[in-house]
Each structure stands twice: as C-alpha cells, then as structure tokens.
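Note that these values count all heavy atoms, side chains included, but never hydrogens, waters or copies made by symmetry. Note that the structure is predicted; figures quoted are calculated from it, not measured.
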Amino acid sequence: MTLRVQILKQKFLALVIAHKAVSDACGGKLRPGRSEPRVCKRRPKAYPLMMKPRHELRKQLQTA
C-alpha cells in the first residue's frame, strides 16, 4: 500500500468518525440529526511557553 493510499484511508476514517451518530445514554438509541463536534472547547491562553526552569522563573517573580 502506498503512502498516498494510507493517507486517504486515514482521512476517510477521520471523516467517518467525525460524523458518527451520538447514541443516547439511556439504552443506546441513536439520536438522528446529532453528530460529535470536532472542535476545541476552550480557547488557548495567551501565556508564553516555559523556556527556563521553573525555579528560575519563580526567582524572577519574587525579585520583580
């Protein structure tokens, strides 16, 4: 199987999973018209990445 075929299969499976019907919690009945959203629930915070060890950053906060 070529790499292109594998990528196409992965995309197809992701599409199928993304549109999978949501089952009802009581008995597993399908709920028509519902699908699982594939989105981030929260927005990322605007904090920079930690590029120094934590103890150094704590020292900087205490002296500031």
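T2 pairs by the side-chain contact (heavy atoms from CB on, under 4.5 Å) definition with R4, V5, not counting sequence neighbours. Residues meeting the side-chain contact (heavy atoms from CB on, under 4.5 Å) test with I7, sequence neighbours left out: L3, K11.
L8 belongs to no hydrophobic cluster, as no Ile, Leu, Val, Met, Phe, Trp or Tyr side chain comes under 4.5 Å of its own.
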Distance-only check: which donor-acceptor pairs under 3.5 Å involve side-chain atoms of residues 51-59, not counting sequence neighbours?
none

